[in-house]
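Structure, as structure tokens:
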Amino acid sequence: MHENIKVGMADYKATSHPSILITLGLGSCVGIALFDPSTKIIGLAHIMLPTSKIAKDVINDAKFADTAIIKLVEDMVRLGANRKFIKAKLAGGAQMFNFTDSSDSIRIGLRNVEASKEMLAKLNIPIISEDVGGNHGRTIELYSDDGKLMIKTVGFGVSYI
């Protein structure tokens, strides 16, 4: 029997098998799903912003790609994950609203995806699949059985990566 664990906005959780990590309402936010196939330990972060460097005070590490991913990997290793086997999948990073100004500062979804990819590259964690961009929200579920990531999208149905 799987334990279903919800991951809120600006939150991350790591857990052992058998479990399902679920996060709702990814718009411009990015869901970073991590899976160690050797131990079936999984982790999921729901980040809102690309970097903690834009904040005056970092009260919540889970809010930013650069801090949340590091903390999530540490939690997975504490649970017994083998860092060298961890793989990543990404979802979210949409541009939910159209703006007449095309500056990068308001394209937060794209910046979240880029920052997540940069941090994963720094940690030598390969991204094996992704469903990012567009202008639609997503709900995702990460399964510890095999690292499968289910993506539910209004108007687009359900897919697995």
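Keep in mind it's a predicted model, so treat the numbers as computed, not measured.
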- Give the C-alpha distance, both sets of side-chain angles, the deciding distance and a yes or no for side-chain contact (heavy atoms from CB on, under 4.5 Å) between Glu141 and Asn4. CA-CA 9 Å; Glu141 296 181 5; Asn4 293 340; over 6 Å; no
Practice task
For Leu34 and Leu120, run side-chain contact (heavy atoms from CB on, under 4.5 Å): C-alpha distance rounded to whole Å, both residues' side-chain angles, the deciding distance at 0.1 Å, then the answer.
Solution key: CA-CA 10 Å; Leu34 302 180; Leu120 290 165; 4.0 Å; yes
**Prompt:** Could you walk me through whether Met76 and Arg83 pass the side-chain contact (heavy atoms from CB on, under 4.5 Å) check?
**Reply:** CA-CA 8 Å; Met76 289 177 68; Arg83 190 182 166 109; over 6 Å; no
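By the salt bridge (charged side-chain N to carboxylate O under 4.0 Å, His left out) test, Glu114 pairs with no residue at all, sequence neighbours left out. Qualifying ring pair (Phe, Tyr, Trp, His ring centres under 6.0 Å) partners for Phe156, counting only residues two or more places apart in sequence or in other chains: His136. Listed by chain and number, the residues in a side-chain hydrogen bond (donor to acceptor under 3.5 Å, both in side chains) with Thr139 amount to none (sequence neighbours excluded).
Taken together through direct or relayed side-chain contacts under 4.5 Å among Ile, Leu, Val, Met, Phe, Trp and Tyr, Val113 and Leu26 form parts of separate hydrophobic clusters. Note: the hydrophobic cluster containing Leu24 also contains Val158 (ILVMFWY, side chain heavy atoms under 4.5 Å, direct or indirect links). Neither Ile5 nor Tyr12 shares a network with the other; the hydrophobic side chains, linked directly or stepwise wherever heavy atoms of I, L, V, M, F, W or Y lie under 4.5 Å apart, form separate groups for each. Val77 and Leu123 fall within the same hydrophobic cluster, where Ile, Leu, Val, Met, Phe, Trp and Tyr residues are linked whenever their side-chain heavy atoms come under 4.5 Å apart, directly or through other members. There is a path of hydrophobic side-chain contacts, each under 4.5 Å, that joins Leu79 to Ile125.
Sparse packing is recorded around NZ of Lys63, with 12 or fewer heavy atoms of other residues, nucleotides or ligands lying under 6.0 Å away.
Counting only heavy atoms from C-beta outward, the side chains of Asp11 and Lys6 never approach each other to under 4.5 Å. Residues Val132 and Val30 fail the side-chain proximity criterion, which asks for heavy atoms closer than 4.5 Å. For the pair Leu149 and Ser129, the minimum side-chain heavy-atom distance is 4.5 Å or more. In this structure, the side chains of Ile140 and Asp131 stay at 4.5 Å or more apart for every pair of heavy atoms. Contact check for Lys13 versus Leu44: no side-chain heavy atoms found under the 4.5 Å cut-off.
A donor-acceptor distance shorter than 3.5 angstrom exists from the side chain of Thr23 to the backbone of Val7, with no hydrogens or angles considered. Between the side chain of Asn112 and the backbone N or O of Met48 there is at least one donor-acceptor pair closer than 3.5 Å. Counting only distance, with no hydrogens or angles, the side chain of Ser144 and the backbone of Ser19 share a donor-acceptor pair below 3.5 Å.
For the side-chain hydrogen bond (donor to acceptor under 3.5 Å, both in side chains) with Ser52, the lone residue among Asn60, Thr67, Asp61, Asp66 that qualifies is Asp66.
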All N/O donor-acceptor pairs, side-chain side in residues 68-75, below 3.5 Å, sequence neighbours left out:
unit_1 : atom_1 : unit_2 : atom_2 : d
Asp75  : OD1    : Arg78  : NH2    : 2.4

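Sorted by first and then second residue, the ring pair (Phe, Tyr, Trp, His ring centres under 6.0 Å) pairs with a member in residues 71-91 form an empty list; sequence neighbours excluded. Listed by first and then second residue, the ring pair (Phe, Tyr, Trp, His ring centres under 6.0 Å) pairs that reach into residues 35-69 come to none, sequence neighbours excluded.
Nearest approach of Asn82 to Ser38, heavy atoms of both residues: CB-OG, 4.0 Å.
In this structure, CG on Leu90 lies 6.5 Å from CD1 on Ile32, to the nearest 0.5 angstrom.
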